[in-house]
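The next block holds one structure in the form of C-alpha cells; read it before the comments.
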Amino acid sequence: MKKTRLKLALAFMLIGLGPALPASAVQLTHALEADVQLDWFTDSTSSTPSVGASITALALAPSGNVAFALGGEGPIGYTGIGLSVMALDQKTGANIWSTSLPTFHVGGSELVVGPLGKVLYVRAGTGGFGAAALDTSTGAILWERTWNPPAGFGGYSHSMILSPDGSKLYISGQSEDQDPVFFFLFIEATLFALDAQTGTELWVDTYPSPTYGSAVGNDVAINPMGTQVFLTGEAGQVLFVRSLDATSGAVSWTTPFELGSLLGAAPGTSSGTNVMVDPTGSEVYVTGRASTLPTVPGSESLTLTLQAATGNVLWTMPMTAADITGDHESSSVATLSGDGSLLFTFSVVGEGLPFQFNLRTRCRSTVTGALLWQSDSKTPSGGQGLVQDIRLSPDGQRLLVTGKIFLMLPLPLGEFISQRTLSYDANSGAELWSADLYGDDFGLVMPGGIAAGDDFSLVGGTNTLLASGGLGFVARYADAPLVSGPPELSLSQGGALQLRLSASAAAAADTYLILGSLSGTTPGLMVGSMTLPLNFDAYFLQMLYVPNGPIHSGSLGVLDAQGRASTVFVLPVGLSPALAGITLHHAYFGFNSLGVISTISNPSSLKLVP
C-alpha cells in the first residue's frame, strides 16, 4: 500500500567477510514504506572488500534457506575482471562460503540453480563467454571455462537456461569478428549448448543479420519436455525468434518480425528481449520493443504469442499500428506465472512532453493478451529510470521488480542514482510496498539482482562509492506483519479496509486476534512477555469482547500453512461527520494451541474523513 516513506539512515559494518570497513564507507539510506521492514543488510562478495566489489545477480536454493550472490571484485567493482560467488543464510545474512573466479568478466553475469539444488551455474557476460559450475554446499568449483565464440574476435553472453533434467546448459549472446580490410565488426547472434556436468561444448548455432547490420541473441528458453530451445533478439534492427532442436542444435524455424507486416505499420525497428514457454510447451511468449519512427514519435513495448511448433503468430500487443501510443517505452524484463496464464512485464515509460518517466508493471492474459492490471511508480520530476530484474514468488502470489532512478544534478554534482524495488500482489496489481536505496554523500547505487521468497525479498546492488570504487550489498526485506489499506475511508461513502497478516511459517495454524484502539499505540499493552502496540480503551474492549462482528468480520481466525491471513473491515455508509479526524489503530497477536504467544504485529492506522 502506498504510504509516506520512512527514511532510515543505516550504517552497517561488514558481516563475516573480513575486516570491518569504516562506517562512512558503507552508509546507505533505506527509504522504506511502512508496509515493509528491513531484516538484515550485508556488504560485498569480495574476499578483499577494501578494494570494492559489486552485486550483479542473486538466486535462491530450492529450499529457500540459502541465497547465492554474484558480483565483481577489484578496484572498479561493477566492471572489469574477477567474479566472486557467495552463499548466505537467507534468514540472517551470515556468510556460508565464498568462491573466487578471477578470470571471469563482471558485466552481464547470471546465476542459475540446478533442479536438485546441488549445483550452481555461473555465467560471465563480457570479454568472450564464461561459465562455471559450483557445489552449492561448499562452493567448490566443479568445472569452469572461458572461450571466444566462433568468429574468434570476441563477444558477449546475455542469457543462460538449464534444461529441465539438468543435463544441458544453453547460453545465448553475440559473437564478433573483424573485417581484415575495412576493420568493421561482423556481429552474429550465437547460442551455445554445453554439457552441464562437464562444461563440454555440445553444439553452437550462429545467426547473422539477413541484411546489413548486426545480430544479437538476447534471451533463450526451453520447453518443459527439454526438446525444443527458443532464441530471441534482433538482427538488422528486426526482432527474430529461432527454434532449435535441444539435442542436436538443428534449426526448426526462424521468423523475423518486421513491423510493417506484423502491425500494418510503416517500417521501423524492433528487438526481442525476453522469451518464455508455456507449461504445455505449445506456445512461446516474446516481449521486446517496437518503434515506427519517424511516422510515430515514440516506441512501444511489444508482446508476441507464437505457436511453438511453427512460429505462427497467435496474437500481438499492440495489435495494430493504431495501438502505438507515441510514448517512449524502453525494453522490458518479463516473467511468466507458474501455470502459464499470466505474463508480467516491467518497463520504463516516458509520457507527455517533457517526458514524465514511470516504472511500469503490467499483467496480461496469455490467452487473449488482455491487460489485467497496470501499475506505475513515478520517478522524481526530471528523473529517468532503467529496469533491471523481475521475479515471481514461488507461491505465485507476489511479484518483485527492481530498477534504477537517475537524476541529472547541476555541476559539479553530476548524477544521482538510486535503486527502487517494488512488491505487488500478482493477482490484483496492488502495490504491497516499495523500497529505495541510495548512497550517502551522492554515492551512486547501481541495481543488481533480486530474489523472491514467499514471505521475503532479497535485493542486491552496488553502492559505487566513487572514492573507493564500489561496494556490493544484499538486503533482506519482509512484509510487515500487518499491512492495511487504504489509509483513509470516507464517513459519508463508507468503504472497506483490507488487512493482510503475515506471520512466519512457524506460526502456521496459530489463532490470531485483531484488536483496535482510538487512543494510540504507545505505551501499548503487555501480552505475555511482549508489547501489543495498542492502548486500552472502549474500542479495544469492543473488539476484544465482540470478535468477528458486523464491522470487524474476520478479526478472529486461523493463520494458513504459510502463517498468513487476510480479512476486510467494512465501514458502513452515512456515519456521523462528527467522527471525522478520528484515527483507528489496529494490531494483532497470534497464539498456538497451548496458548503461547507466537506473533505480535506492528500497528496500522485508518483515518476517518468526511
Side-chain angles (χ1 to χ4, degrees), residues 57 59 62 68 70 81-85 99-177 188-208 216-231 233 242-252 275 277:
F68 304 103
L70 175 67
I81 299 176
L83 281 179
S84 186
V85 187
T99 297
S100 178
L101 298 168
T103 63
F104 280 24
H105 285 247
V106 177
S109 47
E110 184 179 6
L111 293 173
V112 172
V113 182
L116 299 179
K118 296 182 178 180
V119 181
L120 178 68
Y121 296 94
V122 181
R123 176 182 64 81
T126 60
F129 285 61
L134 279 62
D135 185 295
T136 56
S137 298
T138 65
I141 299 173
L142 304 177
W143 59 260
E144 64 176 307
R145 60 173 299 190
T146 58
W147 71 101
N148 281 325
F153 186 74
Y156 302 88
S157 67
H158 296 297
S159 181
M160 176 172 66
I161 191 102
L162 193 65
S163 63
D165 64 1
S167 65
K168 299 179 184 66
L169 196 65
Y170 301 91
I171 299 177
S172 71
Q174 64 193 67
S175 58
E176 301 175 350
D177 196 9
E188 298 178 327
T190 306
L191 178 62
F192 284 96
L194 306 180
D195 184 308
Q197 310 307 312
T198 64
T200 303
E201 182 182 308
L202 300 176
W203 52 261
V204 60
D205 174 75
T206 58
Y207 177 59
V216 178
N218 287 326
D219 197 22
V220 60
I222 189 169
N223 66 3
M225 296 76 74
T227 58
Q228 198 174 9
V229 179
F230 302 91
L231 177 69
R242 191 167 171 87
S243 171
L244 304 97
D245 183 278
T247 301
S248 67
V251 178
S252 302
V275 58
V277 187

Practice item. Report the distance from atom CG of Asp205 to atom OG1 of Thr190, rounding to the nearest 0.5 Å. Key: 8.0 Å

Per-pair distances, 0.1 Å, donor-acceptor, side chain in residues 137-146, under 3.5 Å, sequence neighbours excluded:
unit_1	atom_1	unit_2	atom_2	d
Thr138	OG1	Ala140	N	3.2
Trp143	NE1	Ala196	O	3.0
Arg145	NH1	Gly199	O	2.8

Study note, to complete from the structure: Minimal heavy-atom distance between Pro164 and Gly226, with the atoms involved, is CD-CA, 3.8 Å

Exercise for review: Could you tell me whether a side-chain N or O of Ser157 sits under 3.5 Å from a main-chain N or O of Ala124, the two making a donor and an acceptor?
Suggested key: yes

Check your understanding: Strictly under 6.0 Å, is that where the ring centroids of Phe129 and Phe192 end up?
Key -> yes

Check your understanding: side chain to side chain contact (heavy atoms under 4.5 Å, CB included) between Val216 and His158: does it pass, once the steps are laid out?
Key -> CA-CA 9 Å; Val216 178; His158 296 297; 3.5 Å; yes

Exercise for review: Test Ile161 against Val112 for side chain to side chain contact (heavy atoms under 4.5 Å, CB included), laying out the working first.
Suggested key: CA-CA 7 Å; Ile161 191 102; Val112 172; over 6 Å; no

Check your understanding: Does a side-chain heavy-atom distance below 4.5 Å link Glu188 with Gln174?
Key -> no

Check your understanding: Rounded to the nearest 0.5 Å, how far does CD of Glu110 lie from CZ of Arg123?
Key -> 4.5 Å

Review point. Would you say Ser163 and Tyr170 make side-chain contact, with heavy atoms under 4.5 Å?
Key: yes

Check your understanding: Do Ser243 and Gln228 have side-chain atoms, one donor and one acceptor, less than 3.5 Å apart?
Key -> yes

Exercise for review: Supply the atom-to-atom distance Leu169 CG to Thr200 OG1, rounded to the nearest 0.5 angstrom.
Suggested key: 12.0 Å

Exercise for review: Taking the side chain as every heavy atom from C-beta outward, state whether Val113 and Pro62 have any pair of such atoms under 4.5 Å apart.
Suggested key: yes

Review point. Should Leu162 and Lys168 count as side-chain neighbours, where that means a heavy-atom distance under 4.5 Å?
Key: no

Point to revise | Beyond-backbone contact of Leu111 with Leu120, side-chain heavy atoms, under 4.5 angstrom | key: yes

Check your understanding: Quick one: are Ser84 and Thr99 in side-chain contact, heavy atoms under 4.5 Å?
Key -> no

**Study point:** Reference residue Trp203; test side chain to side chain contact (heavy atoms under 4.5 Å, CB included); the match among Asp245, Leu191, Leu194, Thr247
**Key:** Leu191

**Study point:** Over all atoms of both residues, closest heavy-atom pair of Ser109 and Ala57
**Key:** O-CB, 4.0 Å

**Study point:** Any Tyr121 side-chain heavy atom under 4.5 Å of Leu134 side chain
**Key:** no

Review point. Is Arg242 close to Tyr207 at the side-chain level, that is, under 4.5 Å between some pair of heavy atoms?
Key: yes

Review point. If you take all heavy atoms of Gly217 and Ala189, which pair is closest and at what distance?
Key: N-CB, 3.5 Å

Revision key, fill the gap. Closest non-hydrogen atoms of Leu231 and Ser172, given as atom of the first, atom of the second and distance, are CD1-CB, 3.5 Å

Practice item. List the steps and the verdict of side chain to side chain contact (heavy atoms under 4.5 Å, CB included) for Ile222 and Val277. Key: CA-CA 7 Å; Ile222 189 169; Val277 187; over 6 Å; no

Practice item. Could you walk me through whether Val220 and Val229 pass side chain to side chain contact (heavy atoms under 4.5 Å, CB included), step by step? Key: CA-CA 7 Å; Val220 60; Val229 179; 3.4 Å; yes

